[in-house]
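Just so it is clear: chains get the letters A, B, ... in the order the sequence lines come, proteins before strands, and each one is counted from 1. As the structure is a computational prediction, the values presented were derived from the model and not from experiment.
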2 protein chains.
Amino acid sequence: MAHQTVGHPVRPGLPDDPRAGVTEPTPACPVEITLAALHGRWTTLVVRELLRGDRTFTELREALPALSDKVLSERLAHLVRMGVIDRHRRAGWPPRVRYTLTAHGRDLGPVLQALWDWGARHRPLPPGEPGGS
Amino acid sequence: MAHQTVGHPVRPGLPDDPRAGVTEPTPACPVEITLAALHGRWTTLVVRELLRGDRTFTELREALPALSDKVLSERLAHLVRMGVIDRHRRAGWPPRVRYTLTAHGRDLGPVLQALWDWGARHRPLPPGEPGGS
DNA sequence: CTGAATCCCTGCCGATACTG
DNA sequence: CAGTATCGGCAGGGATTCAG
């Protein structure tokens with residue numbers, strides 16, 4: 001997926017960020033950056049679990065039973081690369097790894113809230129409902 | 001892409017919406033609904049253009065030159081189905097079609113703003129910046 | 001326990017060509 | 001002008017298996 005700008009039109013008083021005028025999906029756009037962080041199936045659910053508190057790999061698997069090891073592993077690595085979560089290894093046996101949100105990760109709370117709010121207000125067309133115009 | 005809930009943990013005072021506890025990516029989750037509406041490459045850029053005012057097919061192509069006819073057509077049909085935009089045909093020749101945001105579509109402004117804000121605050125790891133924890 | 005490697009299948013998106 | 005039809009490449013993600 002790829003996305004972009006917006007913001008300038010929504011807030012005419014915004015700083016004249018040149019990224020608000022891009023004409024193609026570029027990774028430099030802030031909207032792209034955020035959607036890239038949340039990209040992938042299960043990603044928002046993993047973030048939600050971590051918003052409730054730090055978790056181990058197994059705890060996440062138990063919270064999301066239908067999520068496979070491979071995909072969970074991928075999602076966690078992705079979120080670490082995106083600076084959303086941190087990975088903490090505890091020495092000894094058995095290996096224990098805890099995942100916690102970074103400061104940036106915690107800042108995703110309001111973003112997910114905005115996504116929730118719009119979806120909650122929106123009727124998912126049951127079927128044949130235009131919208132409201 | 002697929003996503004989910006959140007909201008309950010972010011706002012402990014939220015109504016006890018059962019959707020806040022789903023354990024897999026279901027279309028019933030509000031977060032899923034919103035991400036489904038914005039799903040697909042170019043989608044947010046098309047919405048941004050329409051937030052600036054209504055547009056015709058050709059005007060959108062000119063605003064987003066790298067976007068192909070086929071994909072633009074797909075995105076517009078998708079956004080209509082999602083209740084985000086309306087399609088207005090004007091009789092006569094040549095055919096003129098204007099696309100405008102619905103009320104729900106205009107409500108996406110704050111959502112895109114939230115996405116913009118997080119991405120703008122976040123350093124896209126240039127490379128090698130964990131996050132903040 | 002916490003993953004990584006592999007296989008395969010599906011769905012997206014771009015390019016090109018064609019129609020009302 | 002405003003699309004649709006078709007094709008092909010590639011990345012995403014699920015199941016299974018293997019490793020530190």
Side-chain angles (χ1 to χ4, degrees), chain A residues 1-4 23-27 32 35-47 49-50 54-82 85-100, chain B residues 1-4 23-27 32 35-47 49-50 54-82 85-100:
Chain A
M1 187 196 304
H3 305 76
Q4 213 88 206
T23 62
E24 50 185 304
T26 157
E32 284 286 337
L35 289 172
L38 297 177
H39 175 252
R41 196 157 137 89
W42 295 98
T43 305
T44 56
L45 280 177
V46 172
V47 173
E49 285 306 313
L50 292 172
D54 57 317
R55 296 280 189 276
T56 66
F57 193 89
T58 300
E59 285 169 348
L60 288 170
R61 276 202 312 195
E62 289 167 352
L64 308 170
L67 173 56
S68 74
D69 289 5
K70 178 214 173 192
V71 173
L72 175 54
S73 186
E74 283 177 2
R75 292 297 171 267
L76 291 170
H78 173 73
L79 290 170
V80 167
R81 281 195 304 111
M82 292 314 229
I85 64 177
D86 276 330
R87 188 173 180 274
H88 306 280
R89 301 206 44 152
R90 297 182 56 94
W93 191 265
R96 279 268 161 180
V97 179
R98 288 199 92 64
Y99 293 94
T100 64
Chain B
M1 192 193 302
H3 304 77
Q4 211 89 206
T23 62
E24 50 184 304
T26 157
E32 284 287 336
L35 290 173
L38 297 177
H39 175 252
R41 195 156 135 89
W42 295 97
T43 304
T44 56
L45 280 177
V46 171
V47 173
E49 284 306 313
L50 292 171
D54 56 316
R55 296 280 190 276
T56 66
F57 192 89
T58 301
E59 285 168 348
L60 287 169
R61 277 202 313 194
E62 289 167 350
L64 308 170
L67 173 55
S68 73
D69 289 5
K70 178 211 173 193
V71 173
L72 175 54
S73 186
E74 282 176 2
R75 293 296 171 267
L76 291 169
H78 173 74
L79 290 170
V80 168
R81 280 195 305 109
M82 291 315 222
I85 64 177
D86 277 329
R87 187 172 179 275
H88 306 279
R89 300 206 44 154
R90 300 183 53 95
W93 192 267
R96 279 269 162 181
V97 180
R98 287 200 93 64
Y99 292 94
T100 65

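Taking the side chain as every heavy atom from C-beta outward, A/V97 and A/H88 never approach each other to under 4.5 Å. Proximity of A/L76 to A/L60: side-chain heavy atoms (C-beta onward) are separated by under 4.5 Å at one or more points. Side-chain contact check for B/V46 versus B/L79: some heavy-atom pair is nearer than 4.5 Å. Using a 4.5 Å heavy-atom cutoff, the side chains of A/R81 and A/H78 are in contact. Counting only heavy atoms from C-beta outward, the side chains of A/V71 and A/W42 approach each other to under 4.5 Å. Under the 4.5 Å side-chain criterion, counting only non-hydrogen atoms from C-beta, B/L64 is not in contact with A/E24.
In this structure, CG of B/L72 is placed 16 Å from C1' of C/dC12, rounded to the nearest angstrom. Atom CG of A/L64 and atom C1' of D/dG13 are 15 Å apart (whole Å). Atom CZ in A/F57 sits about 6 Å away from atom C1' in C/dT2, given to the nearest Å. D/dG13 atom P lies 15 Å from atom CD of B/E24, rounded to whole Å. Atom NE2 of A/H39 is separated from atom C1' of C/dG11 by 12 Å (rounded to the nearest Å). Put simply, CZ on A/R41 is 16 Å from C1' on D/dA11, counting in whole angstrom units. Distance A/L60 CG to C/dC1 C1': 13 Å, rounded to the nearest Å. Put simply, CD on B/E59 is 11 Å from P on D/dC1, counting in whole angstrom units.
An angle of 50°, rounded to 10°, separates the two end axes of the helix from C/dC1-D/dG20 to C/dG20-D/dC1, each defined over five pairs.
A/L38 CG to B/L38 CG: the interatomic distance, rounded to the nearest 0.5 Å, is 11.5 Å. Between atom CZ of residue A/R96 and atom CZ of residue A/R89 there is a gap of 12.5 Å, rounded to the nearest 0.5 Å.
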Set out, line by line, the N/O atom pairs under 3.5 Å between protein and nucleotides 4-10 of chain C.
from	atom 1	to	atom 2	distance (Å)
C/dA4	OP2	A/S73	OG	2.6

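For D/dA2, the OP1/OP2 oxygens have no side-chain nitrogen or oxygen of B/R87 closer than 4.0 Å. Here A/T58 reaches the OP1 or OP2 of C/dT2: one of its side-chain N or O atoms lies under 4.0 Å away. Using a 4.0 Å cut-off, no side-chain N or O of B/R98 falls inside it from OP1 or OP2 of D/dA2. Side-chain nitrogen and oxygen atoms of A/W93 include none within less than 4.0 Å of the OP1 or OP2 phosphate oxygen of C/dT2. The side chain of B/Y99 places no N or O atom within less than 4.0 Å of a non-bridging phosphate oxygen (OP1 or OP2) of D/dC1. Listed pair B/W42 / C/dG14 meets the phosphate criterion, a side-chain N or O lying under 4.0 Å from OP1 or OP2.
Nearest to the side-chain atoms of A/S68 among the listed nucleotides C/dT2, D/dA15, C/dC12 stands D/dA15.
For A/R87, the side-chain hydrogen bond (donor to acceptor under 3.5 Å, both in side chains) criterion is met by A/Y99, not counting sequence neighbours.
Side-chain atoms of A/T56 and A/R98 form no donor-acceptor pair, as typed in the model, at a separation below 3.5 Å.
Within 4.0 Å (heavy atoms only), B/R90 reaches no atom of the nucleic acid at all. If you check every strand for non-hydrogen atoms under 4.0 Å, B/R89 touches nothing.
Position along DNA chain D of the nearest nucleotide to B/V97 versus A/R75 favours B/V97 as the more 5'-ward residue.
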